[in-house]
> 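First, the structure itself, so that you have it in front of you.
Hydrogens, waters and symmetry mates play no part in the numbers below; they use all other heavy atoms, side chains included. Convention: sequence-line order gives letters A, B, ...; per-chain numbering from 1.
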Amino acid sequence: MRIAVAVGPGGGGTLRPLADDGTPLGDAEPVPSLVAAVAERERADRPRWVWSSSARVYRALVEAGVRVGRCHDLELIESLLSGHDGRYGEPRSVAAAWARLRGEPVPDDRPPPAEAGPQASLFDDEDADDAEDLGPIVAVHAEQQRRIAALPGFATLAAAESAGALIAAEMTHAGLPWSVAAHDALLTEMLGPRPSGGLRPRRLQDLADKIGTAFGRHVNPDSPAQIVKALAAAGYQVKTTRAHVLKEIDHPAVPLLLEYKELSRLHTAHGWAWLDTWVHDGRFRPEYVVGGVVSGRWATNGGGALQIPRVLRSAVVADEGWSLVVADAAQLEPRVLAALAGDRAFADAAAQGDLYAALADVFTPSADLTARDKAKLALLSAMYGGGTGDAVQLLGVLKKRFPDAFDFVEAAAQAGERGHLVRSRLGRTCPPPSGEWRELTSTGDDTRSASAVRSRGRFTRNFVVQATAADWALTLMARLRQRLTVLGDPHLVFFQHDEVIVHTPTPLADEVVTAIEASAKEAGDLLFGRTPVVFPMESAIVQRYSDAK
DNA sequence: GACTTCGGCGCC
DNA sequence: AAATGGCGCCGAAGTC
């Protein structure tokens, strides 16, 4: 059973039970308190909740202490359906979908609220202007269900995306356990004591001074342009100041610059200011953007949650009596390719724990690369569209020995180059080429045109793999969440593409590991059915994130 | 002063 | 001859 929800003013709202196809099963029922009504109906019926946006509605429910098992997120699913139809990025609000349904002018999506305030107070809002109408919600849901039913795999995608939205709201609420003391100690050790005002920490200022001395002139090490000029004056012509370019230069300022860059990065991106802004009450609470990346990967708003530097993982510390279960999918993307392509020889290799090692015997080692290195390089090139240097020859080996796998990504690349759409296993669809791209590639056969064509080929080549990996990861998390609910206290606190962290009472950690493995297997079965390909999770039970791997 | 773009680098 | 996918965030520099 499903229940549609419309948020009303003053914490109230309206509920209406629906059949799976969206047909109303009863009258609309006004309720004075959505929090109380949802909690009660969840206990009684465990329905799939149909609402406009989990990021708004469920977030407010979670803040009020309510949890639900399943939902249908109308905005996220509208995005998926639009994308499937090749109308990527059209407005996705219920109002917009309702307008399209009736052939009326489609309103633009409202920009997301700037601060957390309006969301936290969603249910306290007395403003009747913000109240939702149940009619459009019911109608848009029915239309979405009609469209989903015609698309193989899409019901799974819709359920997984919606589950992801529930998980994202819950993870933001729970937060990643973060030790301010450990973080501060690390910064102090690497940068010197916390400076006052906007000053550079001591270690950075020392390096900046030494860099000036080494060049014999004042240089702001934060300015690539100034570094290029200073190097030119010293007789070194460089186009950029990237680390790998600087490393080739024999000048006393270079080691200082490299150290400065590394420490400066830590200070500006994850220094004390970050700590003040993003960590409260021992928790880092990033805001996840489900479906924020075209491939179905998540993005985050603020805090750079998906780019936590490795050195800072020692600041992620479980609570007393609790542990972190850190689990990541080993070699996920090549395994996904093996399963997608149905290449028998490749899939047999992917039935092994170390896929690259299993492929190694078809490559011959050289002085600088082992056979396993070569296998890895060949596969990454096939998926990312590389093919320079050594990779050319390695790709040739791949093509000969695993023709179906090679052809699969080649077909995706060619579709992209022609301007066609490609899709993930469950139906998530890449954006169509821009009008600019079409114009550029239709008129000429000059270098710019050829370059644009190849660029889109690389994008679609990678999309089919990356997006299917995202399908898999989302499915894994949805299953894992259900299992964790049964266990009780253990809960997800972090997700990064192919890696999850569960915060759990230590006595339950082993059961969490088992739950993760079972969920990974289920995700593989659900996406690919019978396949020899395995999707192993490497799990570690640790106190600190940095102790995993 | 507010805004955008660029260069660079962190993560997968 | 050259050709590697996806992001977010920072300070500097340029623009209005």
> May I have the distance from A/L275 (atom CG) to C/dC10 (atom C1'), rounded to whole angstrom?
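Going from A/L275 (CG) to C/dC10 (C1'), I get 17 Å.
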
> Taking only residues at least two apart or on different chains, which pairs with a member in residues 235-250 of chain A satisfy salt bridge (Lys or Arg N to Asp or Glu O under 4.0 Å)?
none

> Have a look at A/L332 and say if it touches a base, only the backbone sugar-phosphate, or nothing, with a 4.0 Å heavy-atom cut-off.
nothing

> Quick one: what's the B/S/- string for nucleotides 11-16 of chain C, heavy-atom cutoff under 4.0 Å, read 5' to 3'?
SSS---

> Counting the atoms with a prime plus P, OP1 and OP2 as sugar-phosphate, which does A/G292 contact under 4.0 Å by heavy atoms, base, sugar-phosphate, or nothing?
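Contact class for A/G292: none.
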
> What side chain to side chain donor-acceptor pair (under 3.5 Å) pairs are there with at least one residue in residues 414-424 of chain A, not counting sequence neighbours?
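Of all non-adjacent pairs touching residues 414-424 of chain A, those that pass side chain to side chain donor-acceptor pair (under 3.5 Å) are A/H84-A/R423, A/R423-A/T429, A/S424-A/D471.
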
> Send over the distance from A/H497 NE2 to C/dG5 C1', rounded to a whole Å.
12 Å

> Enumerate the residue pairs fulfilling salt bridge (Lys or Arg N to Asp or Glu O under 4.0 Å) with a member in residues 292-310 of chain A, sequence neighbours excluded, ordered by first and then second residue.
A/R297-A/E333

> Going by side chain to side chain contact (heavy atoms under 4.5 Å, CB included), name the residues that satisfy it together with A/Q307, two or more places apart in sequence or in a different chain.
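With neighbours one apart ignored, the set is empty.
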
> Using whole Å, what does the distance between atom C1' of nucleotide C/dG6 and atom CD of A/E333 come to?
9 Å

> Aromatic rings A/H491 and A/H503: how do their planes relate, parallel, tilted or perpendicular, breaks at 30° and 60°?
perpendicular

> What are the 5'-most and 3'-most nucleotides of DNA chain B lying under 4.0 Å from any heavy atom of chain A?
B/dG7 to B/dC12

> Mind checking ring pair (Phe, Tyr, Trp, His ring centres under 6.0 Å) for A/W272 and listing every partner two or more places apart, or none if nothing turns up?
none

> Show your reasoning for whether salt bridge (charged side-chain N to carboxylate O under 4.0 Å, His left out) applies to A/D85 and A/R87.
CA-CA 6 Å; A/D85 292 349; A/R87 298 194 316 277; 3.5 Å; yes

> Which pairs count as salt bridge (Lys or Arg N to Asp or Glu O under 4.0 Å) when at least one residue sits in residues 167-182 of chain A, sequence neighbours excluded?
A/E170-A/R481

> Using a 4.0 Å cut-off on heavy atoms, which residues in residues 234-258 of chain A reach DNA chain C? List them by number, or say none.
none

> Using heavy atoms and a sub-4.0 Å distance, could you list which residues of residues 455-467 of chain A are near DNA chain C? By number, please.
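Contacts with DNA chain C under 4.0 Å: A/R458, A/F459, A/N462, A/Q466.
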
> My understanding is that only residues two or more places apart in sequence, or in another chain, count here; which of them pass ring pair (Phe, Tyr, Trp, His ring centres under 6.0 Å) with A/H183?
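So A/H183 forms a ring pair (Phe, Tyr, Trp, His ring centres under 6.0 Å) with A/W178, A/W274.
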
> For this output row, return yes or no: ring centroids of A/F528 and A/F535 closer than 6.0 angstrom.
yes

> Evaluate the side-chain hydrogen bond (donor to acceptor under 3.5 Å, both in side chains) criterion for residues A/D328 and A/Q496: first the C-alpha distance (whole Å), next the side-chain angles of each, then the deciding distance (0.1 Å), finally the verdict.
CA-CA 9 Å; A/D328 77 308; A/Q496 180 173 229; over 6 Å; no

> Specify the separation, in whole Å, of atom CG of A/L266 and atom C1' of C/dG8.
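Result: 16 Å.
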
> CZ of A/R454 versus P of C/dA2: gap in Å, rounded?
12 Å

> Have A/E287 and A/T300 got a donor and an acceptor in their side chains that come within less than 3.5 Å?
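Note: A/E287 and A/T300 side chains miss the donor-acceptor criterion.
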
> Not counting sequence neighbours, list each pair that qualifies as a side chain to side chain donor-acceptor pair (under 3.5 Å) and has a residue in residues 189-198 of chain A.
A/R194-A/D276

